[in-house]
Amino acid sequence: MGYRGLLRALIADWRARFATRPFGIVQIAGYGAMAPGPVDAFWPKIREAQRDVAAADPQTGLAVTIDAGDPDDIHPTRKKPVGHRLALALAGKPVAALPVAQRSEGQVRLRFNRPLQVIGDAVPIGFELCDAGQHCRYASARLDGADTVVLPVQAGDATVRYLWADSPVPNLFDADASPLSPFAMPLP
């Protein structure tokens, strides 16, 4: 049984034992060495499983804490944003869904289920495009409207990843000042 199965089993067990309906998941914060380029890292796979489990269960909330971590300590030292985001998640803030991707004429448009804002840099950073062999490269991104990110794509691009590293640097946030959740998804 993989991590997804174990997390689902934990939630079911706690609900059976403690009658806990809403269940909160605090997504793993940035932890580990910062990568100089795209890598096949471990922690993004755990974060993806946490996002998947929360998205599949309407009574489970997800607090995204990718920006609250410390590369040298898995437990975020900044507790206030973690608590605030967990409170929002348990109060019914919907889990950030994977974007709807539309590919055309050398670009892919990723439409998200919430308004986005870039903090700091003028453009979103942390997007990668990967071919079928999982050879990845960083992609330049731009916001188009309130909820859409546009990336230039090549013919062989098969997957888009966002913040797919152990300790990425996010700058794309929603209206509640929560960072966008890391993800990986196939391109159309």
Side-chain angles (χ1 to χ4, degrees), residues 2-4 6-7 10 24-55 60-89 93 95-99 101 108 110 112 114 116-131 133-143 149 151-152 157-187:
Y3 182 79
R4 279 176 181 81
L6 290 171
L7 186 54
L10 172 72
I25 297 172
V26 175
Q27 197 175 49
I28 297 290
Y31 170 68
M34 296 179 98
V39 294
D40 185 27
F42 174 74
W43 291 119
K45 295 171 187 167
I46 298 297
R47 292 182 196 112
E48 182 76 355
Q50 291 173 318
R51 192 196 54 73
D52 285 348
V53 169
T60 297
L62 179 71
V64 177
T65 61
I66 193 69
D67 64 326
D70 176 338
D72 298 321
D73 187 352
I74 198 166
H75 300 286
T77 54
R78 296 176 44 229
K79 305 295 188 199
K80 188 173 182 178
V82 175
H84 176 74
R85 292 172 190 166
L86 188 57
L88 288 172
K93 178 179 180 179
V95 174
L98 285 176
V108 66
L110 304 173
F112 293 86
R114 59 192 64 207
L116 304 173
Q117 59 182 326
V118 177
I119 305 294
D121 293 334
V123 296
I125 58 174
F127 285 92
E128 302 172 17
L129 293 165
C130 309
D131 64 20
Q134 289 303 298
H135 299 98
C136 303
R137 69 185 188 288
Y138 287 122
S140 20
R142 66 178 171 83
L143 277 181
V149 173
L151 306 171
D157 291 334
T159 304
V160 61
R161 303 190 310 190
Y162 176 66
L163 297 182
W164 203 260
D166 290 334
S167 290
V169 178
N171 76 339
L172 195 54
F173 291 76
D174 68 14
D176 293 320
S178 295
L180 190 63
S181 178
F183 67 86
M185 65 178 275
L187 289 173

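The basis for the numbers below is simple: all heavy atoms, side chains too, and nothing from hydrogens, waters or symmetry mates. Since the structure is predicted, the reported quantities are computational estimates derived from the model, not experimental observations.
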Are [X] and [Y] side-chain neighbours, meaning at least one heavy-atom pair lies under 4.5 Å?
{"X": "Tyr138", "Y": "Arg161", "answer": "no"}
{"X": "Asp174", "Y": "Phe112", "answer": "no"}
{"X": "Ile74", "Y": "Trp43", "answer": "yes"}
{"X": "Gln50", "Y": "Ser181", "answer": "no"}
{"X": "Val118", "Y": "Leu172", "answer": "yes"}
{"X": "Val149", "Y": "Leu143", "answer": "yes"}
{"X": "Pro182", "Y": "Ile66", "answer": "yes"}
{"X": "Tyr162", "Y": "Leu110", "answer": "no"}

Do you know which two heavy atoms are closest between [X] and [Y], and how far apart they sit?
{"X": "Ala68", "Y": "Pro76", "answer": "O-CB, 3.3 Å"}
{"X": "Asp166", "Y": "Ala33", "answer": "CB-O, 4.1 Å"}
{"X": "Ala63", "Y": "Ala89", "answer": "N-CB, 4.3 Å"}
{"X": "Ala101", "Y": "Met185", "answer": "CB-CE, 3.8 Å"}
{"X": "Ser167", "Y": "Gly30", "answer": "OG-C, 3.7 Å"}

Worksheet entry | Donor-acceptor under 3.5 Å (Arg78 side chain, Asp67 main chain) |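 Judged by distance alone, yes, a pair lies under 3.5 Å.
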
Worksheet item: Do the side chain of Arg47 and the main chain of Ala29 share a donor and acceptor less than 3.5 angstrom apart?
Response: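 Yes, the answer is positive, given that a donor and an acceptor are paired below the 3.5 Å cut-off.
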
Just verifying a value: how many Å separate [X] [atom1] and [Y] [atom2], rounded to the nearest 0.5 Å?
{"X": "Tyr31", "Y": "Asp73", "atom1": "OH", "atom2": "CG", "answer": "7.5 Å"}
{"X": "Leu98", "Y": "Glu48", "atom1": "CG", "atom2": "CD", "answer": "6.0 Å"}
{"X": "Lys79", "Y": "Thr65", "atom1": "NZ", "atom2": "OG1", "answer": "9.5 Å"}
{"X": "Ser178", "Y": "Gln27", "atom1": "OG", "atom2": "CD", "answer": "11.0 Å"}
{"X": "Arg4", "Y": "Arg51", "atom1": "CZ", "atom2": "CZ", "answer": "8.5 Å"}
{"X": "Leu163", "Y": "Asn171", "atom1": "CG", "atom2": "CG", "answer": "8.5 Å"}

Discussion item. Would Lys93 and Asp176 count as a side-chain contact (heavy atoms from CB on, under 4.5 Å) here? Give the steps.
Written reply: CA-CA 10 Å; Lys93 178 179 180 179; Asp176 293 320; 3.3 Å; yes

